[in-house]
Every structure is written in C-alpha cells, then in structure tokens.
Amino acid sequence: MIEKAFFNRPTLKVAQDLLGKVIIRNNIKAMIVEVESYIGPIDKGCHAYNFNKTKRNKVMFERYGIAYIYLIYGMYNCLNFVTEEINMPCAILIRSVEILEGKDIASNNRYNLNYDQLSKKQIKNLSNGPGKLCIALNLTRKQNKLSLISKDLYIEDIGYTNFEIVKTKRVNIDYAKEAIDFPWRFYIKDHSCVSIK
DNA sequence: CGTGAGATCATC
DNA sequence: ATGATCTCACGA
C-alpha cells in the first residue's frame, strides 16, 4: 500500500507519479493511465478556484490522502485524490484506468455481464473515462472523503515505470480562461485506455 | 469511423 | 442555467 505521505508533495508531481500505479477497490485492481491536476489557488478550471469553498468542494480543503467524489452532468461521478495541506485545495482527477484484475466484477458493475460476454466496444469502454471508471469501480458520492489508505480503497505500486508521459491540456474546461492551456493532463503514451488523444 | 443530441440533477 | 460525461442513433 502506498502511504499517505505520497500525496503530501506538489500536486503536479503526485499526478505524474500516479501513472502506472494501481487502485485497489472491491477486489479490483485498476492501473491509472490518465490524470488531470486541479490547483485551486491559481486555477480557474478548479471547483476551488481562489479558495472558494462550497458544500460540494469542502473535501478539497482537507488534508492530503482522501478521495473527492462529486456528481457531474446529473448522472456521473468523478474520482479525485486530494493533495497538499489543509486549506490548500488541490486534487487530481482520475480520468482513465485499465482493469488488471477483477474484470468480471468490474464488467458486472458496469454492464451486468461477465467479462467474457462483453462486445469489443464494451471492453474498450469499460473504464476509459472518469464517469465510466467510477461505475466500474463502484465509486459514488458515498465514498466522498474516504481515506486513500483504507481497506475499501487504496493505491499500490506494482513497479510499472516503463513508459513515457504525455503532458497536454485538460479536457472540457472551456470556461477556465487562461487555465485552459495549462499542461496539467498527464497520460501514459500510446496506452490503449487513454480517453482522448 | 465520426458527429450530434439527449439524459438528468446538484450546485451556484 | 450549467457542467472536470456518456450513450445511442445516424451517416459515411
């Protein structure tokens, strides 16, 4: 298990170090393939821009090492990892994972089918997006504020480092003014599970 | 393969 | 009114 101090480092560093690590959840192992960083104090794309604290985003103001999960577009959840100290609202959005183990559990969460019953398209769409991976991993707002070193949700290092990191703009934050262009989205180069190239 | 509309609701 | 998204139908 990765210790909590892992998250007590600069958000952009933590985000890149998360690539290739594995989320353990309900007997599912899911490798992190794509992330985005959100840095409240200076980031107009972030819910907590300019330290703006609301009922929804207050978890971001807590200490590093917990999950921030919120509802988006009325029907989907997004999983974030909170970084930095208390009252420094920063987080990392998990955008895509590859299911390594527990494929039947994940595919049942998502499609009510076993993995070997999935179509090619369903396999591709199993967990390659922030909303999709939350369904596959059975994460909802009930897990908001959950510790990232709990038995129900934690991270492991499986020693996978043999990849290049692509750094690019974040997705779907057209309203974020100058922050639109911040290169704070990171993904594993050439990985088939990346949501958008 | 790509495109576009509709779903659906907490938040501001 | 809007969104850190996804699905489906449609056309190529």
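Just so it is clear: chains get the letters A, B, ... in the order the sequence lines come, proteins before strands, and each one is counted from 1. This one's a predicted model, so the numbers in the text were calculated from it and none came from an experiment. In what follows, every heavy atom counts, from backbone to side chain, and hydrogens, waters and symmetry copies are set aside.
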* Asked: Looking at CZ of Phe81(A) and CD1 of Ile92(A), how far apart are the two atoms once the value is rounded to the nearest 0.5 Å?
  -> 8.0 Å
Could you state the [atom1]-[atom2] distance from [X] to [N], rounded to the nearest angstrom?
{"X": "Asp174(A)", "N": "dT5(C)", "atom1": "CG", "atom2": "C1'", "value": "13 Å"}
{"X": "Arg95(A)", "N": "dC6(C)", "atom1": "CZ", "atom2": "P", "value": "7 Å"}
{"X": "Lys169(A)", "N": "dA4(C)", "atom1": "NZ", "atom2": "C1'", "value": "16 Å"}
{"X": "Asn50(A)", "N": "dC12(B)", "atom1": "CG", "atom2": "P", "value": "15 Å"}
{"X": "Lys120(A)", "N": "dC1(B)", "atom1": "NZ", "atom2": "C1'", "value": "13 Å"}
{"X": "Ile135(A)", "N": "dT7(C)", "atom1": "CD1", "atom2": "P", "value": "6 Å"}
{"X": "His47(A)", "N": "dG3(C)", "atom1": "NE2", "atom2": "P", "value": "11 Å"}

* Check: Asn128(A)/Lys132(A) side-chain N/O donor and acceptor closer than 3.5 Å -> yes
* Would the number of heavy atoms belonging to other residues, nucleotides or ligands and lying under 6.0 Å from CG of Asp181(A) be above 12? -> yes
* Asked: Mind checking whether Tyr68(A) and His47(A) have parallel, tilted or perpendicular rings, split at 30° and 60°?
  -> perpendicular
Between the protein and nucleotides 8-12 of chain C, which nitrogen or oxygen pairs come in under 3.5 angstrom?
none

* Would you say Thr54(A) reaches dT11(B)'s phosphate, i.e. side-chain N/O to OP1/OP2 under 4.0 Å? -> no
* To do: Tell me what Ile72(A) touches on the nucleic acid: a base, only sugar-phosphate, or nothing, going by heavy atoms under 4.0 Å.
  => sugar-phosphate
* Within the structure shown, what part of the strands sits under 4.0 Å from Arg185(A) by heavy-atom distance: base, sugar-phosphate, or nothing? -> nothing
Please tabulate the protein-to-nucleotide N/O contacts below 3.5 Å involving nucleotides 7-10 of chain B, giving atom names and distances.
unit_1	atom_1	unit_2	atom_2	d
dT8(B)	O2	Tyr73(A)	O	2.9
dC9(B)	O4'	Gly74(A)	O	3.4

* For Thr168(A) and Arg185(A), indicate whether the former's side chain and the latter's backbone hold a donor-acceptor pair under 3.5 Å. => no
* Is it true that a side-chain atom of Gln16(A) and a backbone atom of Leu12(A) form a donor plus acceptor pair closer than 3.5 Å? -> yes
* Going by number, which of residues 83-92 of chain A have a non-hydrogen atom under 4.0 Å from DNA chain C? -> none
Donor-acceptor list for residues 96-105 of chain A side chains, cut-off 3.5 Å, not counting sequence neighbours:
unit_1	atom_1	unit_2	atom_2	d
Ser96(A)	OG	Cys193(A)	O	2.5
Glu98(A)	OE1	His191(A)	NE2	2.9
Asp104(A)	OD1	Tyr115(A)	N	2.7

* Asked: If you write DNA chain B from 5' to 3' in dot-bracket form, with Watson-Crick or G-U pairs under 3.5 Å, [ ] for crossing pairs and | for pairs with another strand, what do you get?
  -> |||||||.|||.
* To do: May I have the step-by-step check of side chain to side chain donor-acceptor pair (under 3.5 Å) for Thr11(A) and Thr83(A), ending in yes or no?
  => CA-CA 6 Å; Thr11(A) 300; Thr83(A) 56; 2.7 Å; yes
* For Ile180(A), what are the other residues in its hydrophobic cluster, where any two members join if their side-chain heavy atoms are less than 4.5 angstrom apart? -> none
* **Charged N-O contact under 4.0 Å between Arg63(A) and Glu85(A)** => yes
